[in-house]
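What follows is one structure encoded as structure tokens, with my remarks underneath.
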Amino acid sequence: MRVRIFVTLKTGVLDPQGKAIHHALESLDFTGVRDVRAGKLIELEVDADISDSDLENMCEKLLANTVIENYAIEKLLDPVEATS
Amino acid sequence: MQSAVIVFPGSNCDRDMAVALETVSGKKPHMVWHGDTAFPDQVDVIAIPGGFSYGDYLRSGAMAARSQIIPALVAAAERGTHILGVCNGFQILTEIGLLPGALMRNEKINFICKDAALVVENTGSVFASGYEKGQTINIPVAHHDGNYFADDDMLERLEANGQIAFRYQDRINGSANDIAGITNSNGNVLGMMPHPERAIDLRHGGTDGLDLFRGLFGN
């Protein structure tokens with residue numbers, strides 16, 4: 001099974017990279033972008049029977065720094081598993 | 001007094017740190033590999049050097065903070081051993097949780113490499129005991145992720161407990177409350193982004209870092 005972990009900065013935490021991307025978009029004359037926040041996507045290939053609490057612990061202990069970051073876990077079923 | 005320097009893959013200030021420790025203490029520090037699980041007995045000072053451990057993968061200091069030597073470091077911190085983390089060492093200490101907060105990308109995203117004027121805020125810890133409160137010192141900085149962040153409650157606590165050892169005189173990287181270095185609540189762990197080990201010889205351009213090591217070794 002594939003699992004996607006999205007790591008994003010908490011609201012209220014300044015995101016210098018997002019700001020720079022925003023400025024760069026403006027300098028390319030794209031209008032209408034109100035705000036940009038940059039984050040990380042981490043993809044894991046895991047055993048199908050992995051527990052939710054293991055995934056959460058991975059995020060808490062390593063993948064996200066919960067002082068400044070939030071995380072979201074998205075499980076993607078393999079095409080084979082999805083059709084069977 | 002005996003000291004040790006932890007060496008991670010990607011550390012690059014470990015030898016400068018060793019020179020500083022030896023210059024002031026008169027004894028060569030033990031160089032301890034990250035894959036070791038214990039420090040030599042009788043180590044009074046442990047330094048975590050600057051550099052780019054594990055290429056700053058995931059977050060600066062994140063990988064190093066999960067190394068095999070870290071449980072021994074945490075145990076030493078609890079015993080009251082003096083622990084000095086400089087630059088990447090400060091990032092690693094926050095990732096371990098021995099110091100609160102986090103170090104984020106500099107406000108203007110630039111890598112900053114220059115001498116920085118610091119104000120000595122609190123002299124209660126041994127690390128700052130060689131300085132006068134309010135004294136201004138010049139110490140080099142060289143970092144990309146030195147923008148200190150902690151939530152408002154934590155910042156209030158750090159201020160109230162006198163845990164802010166050094167502040168930048170000018171806003172150079174966006175750090176909350178201009179924080180350049182903090183101690184834990186017991187005062188035996190210090191993390192700072194500026195490099196005192198790069199200011200111990202006139203040939204470095206200044207010697208303002210010497211008093212930090214003198215305070216640490218009580219001489």
Side-chain angles (χ1 to χ4, degrees), chain A residues 2-30 33-47 50-51 53-76, chain B residues 53-68 70-71 74 88 90-112 143-155 157-158 171-179 182 184 191:
Chain A
R2 187 169 297 173
V3 175
R4 285 182 172 167
I5 314 280
F6 296 90
V7 181
T8 50
L9 285 172
K10 289 183 175 174
T11 44
V13 175
L14 179 78
D15 178 6
Q17 292 177 95
K19 265 195 167 172
I21 295 166
H22 193 182
H23 287 152
L25 287 173
E26 284 173 342
S27 73
L28 291 170
D29 293 329
F30 290 106
V33 179
R34 292 183 187 174
D35 192 23
V36 178
R37 305 281 283 171
K40 293 187 193 102
L41 164 64
I42 301 166
E43 279 196 347
L44 311 177
E45 194 66 47
V46 297
D47 292 342
I50 199 158
S51 72
S53 67
D54 270 354
L55 290 172
E56 274 172 33
N57 280 334
M58 289 179 202
C59 294
E60 294 278 338
K61 287 190 175 168
L62 179 64
L63 302 178
N65 178 345
T66 55
V67 174
I68 48 171
E69 294 170 330
N70 290 322
Y71 60 86
I73 300 169
E74 181 188 86
K75 293 186 199 171
L76 301 171
Chain B
S53 57
Y54 297 91
D56 281 350
Y57 287 174
L58 191 64
R59 296 176 304 275
S60 300
M63 298 296 171
R66 279 78 186 174
S67 305
Q68 276 185 288
I70 300 305
V74 172
N88 191 217
F90 185 11
Q91 295 161 343
I92 293 167
L93 286 171
T94 60
E95 280 282 344
I96 297 169
L98 282 174
L99 291 173
L103 290 142
M104 305 189 45
R105 185 54 39 107
N106 293 340
E107 188 176 43
K108 292 183 178 152
I109 331 185
N110 49 347
F111 189 97
I112 303 169
H143 60 247
H144 212 167
D145 296 320
N147 179 353
Y148 183 78
F149 174 87
D151 63 29
D152 292 344
D153 288 351
M154 181 54 72
L155 288 173
R157 235 180 299 163
L158 291 173
R171 185 180 176 91
I172 64 165
N173 58 14
S175 278
N177 296 17
D178 293 321
I179 285 171
I182 56 168
N184 64 345

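The figures that follow rest on heavy atoms only: side chains count, while hydrogens, waters and symmetry mates do not. The sequence lines fix the lettering, A, B, ..., with proteins before strands; numbering per chain opens at 1. Being a predicted model, the structure only gives us computed values, none of them experimental.
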For this session: Count the heavy-atom pairs under 4.5 Å between each of L62(A), L14(A), V7(A) and chain B, then report the option with the highest count.
Result: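 The option with the most such pairs is L62(A).
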In terms of heavy-atom contacts, does [atom1] of [X] have more than 12 from other residues, nucleotides or ligands at under 6.0 Å?
{"X": "K108(B)", "atom1": "NZ", "value": "no"}
{"X": "D35(A)", "atom1": "CG", "value": "yes"}
{"X": "F111(B)", "atom1": "CZ", "value": "yes"}

Exercise. Once you round to the nearest 0.5 Å, how far does NZ of K40(A) lie from CZ of R59(B)?
Worked result: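 Rounded to the nearest 0.5 Å, the NZ-CZ separation comes to 6.0 Å.
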For this session: Supply the atom-to-atom distance I68(A) CD1 to M104(B) CE, rounded to the nearest 0.5 angstrom.
Result: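 One gets 5.0 Å once the value is rounded to the nearest 0.5 Å.
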Exercise. For P16(A), which of N110(B), I109(B), N106(B) qualifies under side chain to side chain contact (heavy atoms under 4.5 Å, CB included)?
Worked result: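 Among the candidates, only I109(B) passes.
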Exercise. What's the shortest heavy-atom distance between L58(B) and I42(A), and which atoms?
Worked result: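 Distance-wise, the nearest heavy atoms are CD1-CD1, 3.8 Å.
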Exercise. Can you name the closest pair of heavy atoms from V67(A) and F149(B) and give their distance?
Worked result: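 Minimum heavy-atom contact is O-CE2, 3.9 Å.
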Problem set entry | Interface moiety of K61(A) toward chain B, non-hydrogen atoms closer than 4.5 Å |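 Only the backbone of K61(A) comes within 4.5 Å of chain B.
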